[in-house]
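Counting from 1, the numbers follow the sequence of the chain as shown.
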Amino acid sequence: MPPHMRPLAYPSPLEGYEDTPPLPTGLTLDGRTLDNFIPGQEYKRSKAYDEFVDPIDNKGNGFDFHIYYMHTLPAHLNYARQLHERIRREFPELRIHPMEEHPMGPHPTGSFQVDTFNPHETGTLMTWLVIHRGPLSVLIHPNTDDELRSHTEHATWIGERWPLNSDLLKHHRHTTLPRSASLSPSAPRNLIR
């Protein structure tokens with residue numbers, strides 16, 4: 001089995017919750033969903049709403065969205081160009097890379113990349129692309145200090161999955177660039193959080 005396909009050891013997702021009381025077993029008022037609140041216990045909103053969890057990069061862009069298209073098919077290329085323009089118009093505050101109209105790096109076909117910097121932007125772009133990606137596929141991966149794991153084990157896809165040239169990622173490290181490194185001088189500051 002190739003090294004990138006071998007199962008890895010995972011820490012328990014309940015790490016840090018070992019000594020907590022059991023959750024209720026009842027349903028909420030709608031009769032369909034679980035009641036997650038223990039009476040008398042104080043609750044606070046998860047930090048994951050506002051900052052990326054470890055080991056995702058919180059200093060630069062936390063996630064990359066690689067929008068894939070078949071660069072040799074005119075209809076795909078045309079749709080990709082239109083989608084690229086729409087994303088630039090809809091989300092000018094994000095870091096949007098130029099289109100690569102041929103395979104580049106580990107990516108086996110034409111693509112362009114959009115970077116997000118916080119969980120809010122990541123969730124917004126993901127849900128927007130679910131509706132607007134058309135015939136294209138989207139590789140979404142976090143940026144950690146392990147590029148191979150980020151692009152494979154931690155990645156998710158919208159649409160068809162494409163095979164990556166993962167050998168190129170084995171010794172590559174993510175380079176952190178703050179959002180300010182790619183801001184337009186004319187960008188309204190109220191768009192940037």
Side-chain angles (χ1 to χ4, degrees), residues 1-6 52 55-57 60-187 191-192:
M1 181 181 297
H4 71 281
M5 299 296 286
R6 289 189 191 128
F52 294 121
I56 300 172
D57 183 2
N61 63 298
F63 276 80
D64 292 349
F65 289 70
H66 299 276
I67 294 91
Y68 284 21
Y69 56 91
M70 293 184 195
H71 59 283
T72 57
L73 292 179
H76 263 229
L77 181 57
N78 184 49
Y79 192 88
R81 287 175 177 158
Q82 291 177 17
L83 184 64
H84 186 259
E85 180 177 337
R86 173 70 186 272
I87 291 171
R88 290 183 68 200
R89 292 178 184 281
E90 185 92 14
F91 303 104
E93 69 282 3
L94 300 181
R95 186 162 45 209
I96 303 161
H97 298 249
M99 290 184 63
E100 299 291 345
E101 296 187 3
H102 57 299
M104 178 75 131
H107 309 291
T109 189
S111 66
F112 65 91
Q113 178 177 327
V114 181
D115 302 337
T116 60
F117 293 85
N118 60 56
H120 182 74
E121 290 175 351
T122 304
T124 298
L125 184 60
M126 181 183 291
T127 57
W128 190 89
L129 284 169
V130 164
I131 301 302
H132 296 285
R133 71 175 174 84
L136 311 184
S137 294
V138 184
L139 163 64
I140 305 166
H141 71 82
N143 288 308
T144 69
D145 62 0
D146 185 338
E147 285 289 299
L148 178 61
R149 202 170 190 185
S150 292
H151 281 78
T152 55
E153 180 186 342
H154 292 153
T156 193
W157 288 83
I158 303 173
E160 296 296 317
R161 179 183 292 255
W162 287 71
L164 299 178
N165 183 351
S166 56
D167 288 341
L168 296 176
L169 299 167
K170 288 182 179 169
H171 305 291
H172 188 266
R173 290 275 187 233
H174 171 69
T175 304
T176 298
L177 284 175
R179 183 195 300 265
S180 60
S182 58
L183 280 180
S184 164
S186 58
L191 285 180
I192 312 304

Visitor: Where do Met126 and Ile158 come nearest, in terms of heavy atoms and distance?
Guide: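 The answer is O-CD1, 3.9 Å.
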
Visitor: Could you work out, with side-chain contact (heavy atoms from CB on, under 4.5 Å) as the rule, every residue matching Pro55, not counting sequence neighbours?
Guide: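 For Pro55 the side-chain contact (heavy atoms from CB on, under 4.5 Å) partners, ignoring immediate neighbours, are Thr144.
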
Visitor: Is any side-chain heavy atom of Phe52 closer than 4.5 Å to a side-chain heavy atom of Thr122?
Guide: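 Heavy-atom side-chain distance check passes, below 4.5 Å.
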
Visitor: Calculate, to the nearest 0.5 Å, the distance between atoms CG and CG belonging to Asn143 and Asp146 respectively.
Guide: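 Reported value, rounded in 0.5 Å steps: 11.5 Å.
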
Visitor: Nearest heavy-atom pair of Ile56 and Pro142: which atoms, and what distance?
Guide: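 Residues Ile56 and Pro142, closest heavy atoms: CG1-CB, 3.7 Å.
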
Visitor: Within this structure, what is the CG-CG distance for the pair Asp145 and Asp57, rounded to the nearest 0.5 Å?
Guide: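 Those atoms lie 9.5 Å apart.
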
Visitor: Listing request: all salt bridge (Lys or Arg N to Asp or Glu O under 4.0 Å) pairs with a residue in residues 109-120, at least two apart in sequence or in separate chains.
Guide: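 Checked against salt bridge (Lys or Arg N to Asp or Glu O under 4.0 Å) - neighbours excluded - the pairs reaching residues 109-120 are Arg95-Asp115.
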
Visitor: Quick one: side-chain contact (heavy atoms from CB on, under 4.5 Å) partners of Ala75, sequence neighbours excluded?
Guide: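 Partners of Ala75 by the side-chain contact (heavy atoms from CB on, under 4.5 Å) criterion come out as none, since no residue qualifies.
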
Visitor: Using the test side-chain contact (heavy atoms from CB on, under 4.5 Å), find all partners of Pro108 that sit at least two apart in sequence or belong to another chain.
Guide: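 Tyr68, Trp162, Leu164.
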
Visitor: Which residues pass the salt bridge (Lys or Arg N to Asp or Glu O under 4.0 Å) test with Glu100, not counting sequence neighbours?
Guide: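 Checked Glu100 against salt bridge (Lys or Arg N to Asp or Glu O under 4.0 Å); zero matches.
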
Visitor: Rounded to the nearest 0.5 Å, what separation is found between the CG atom of Asn118 and the CG atom of Asn61?
Guide: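 If I round to the nearest 0.5 Å, the distance is 11.5 Å.
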
Visitor: Is the shortest heavy-atom distance from the side chain of Ile87 to the side chain of Leu129 under 4.5 Å?
Guide: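 When only atoms from C-beta onward are counted, Leu129 and Ile87 do touch, with a gap below 4.5 Å.
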
Visitor: Return the CG to CZ distance between Leu83 and Arg88, rounded to the nearest 0.5 Å.
Guide: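 One gets 12.5 Å once the value is rounded to the nearest 0.5 Å.
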
Visitor: Going by heavy atoms in the side chains, are His151 and Leu139 under 4.5 Å from each other?
Guide: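 The answer is yes; the side chains approach within 4.5 Å.
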
Visitor: Run Leu125 and Phe63 through side chain to side chain contact (heavy atoms under 4.5 Å, CB included) and show every step you take.
Guide: CA-CA 11 Å; Leu125 184 60; Phe63 276 80; over 6 Å; no

Visitor: Hey, does Met104 have a side-chain heavy atom less than 4.5 Å from the side chain of Gln113?
Guide: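 Not touching, per the 4.5 Å side-chain cut-off.
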
Visitor: Would you check if Phe65 and Leu94 make a side-chain contact, meaning some heavy-atom pair closer than 4.5 Å?
Guide: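 They are not in side-chain contact.
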
Visitor: Taking side-chain contact (heavy atoms from CB on, under 4.5 Å) as the definition, give me every residue that meets it alongside Glu101, ordered by chain and number, with sequence neighbours left out.
Guide: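 side-chain contact (heavy atoms from CB on, under 4.5 Å) list for Glu101, sorted by chain: Tyr69, Leu77, Arg81, Met99.
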
Visitor: For the pair His76 (side chain) and Met70 (backbone), establish whether a donor and an acceptor sit closer than 3.5 Å, ignoring hydrogens and angles.
Guide: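 Yes, His76 side chain to Met70 backbone: donor-acceptor pair under 3.5 Å.
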
Visitor: Taking Ser137 for its side chain and Glu160 for its backbone only, find out whether a donor-acceptor pair lies under 3.5 Å.
Guide: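 Here the side-chain-to-backbone pair exists.
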
Visitor: Is the His102-His71 ring centre distance short of 6.0 angstrom?
Guide: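 Ring centroids of His102 and His71 are no less than 6.0 Å from each other.
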
Visitor: What is the ring orientation for Phe112 with His84, classed by angle as parallel under 30°, tilted 30 to 60°, or perpendicular over 60°?
Guide: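 Phe112 vs His84 ring planes: perpendicular.
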
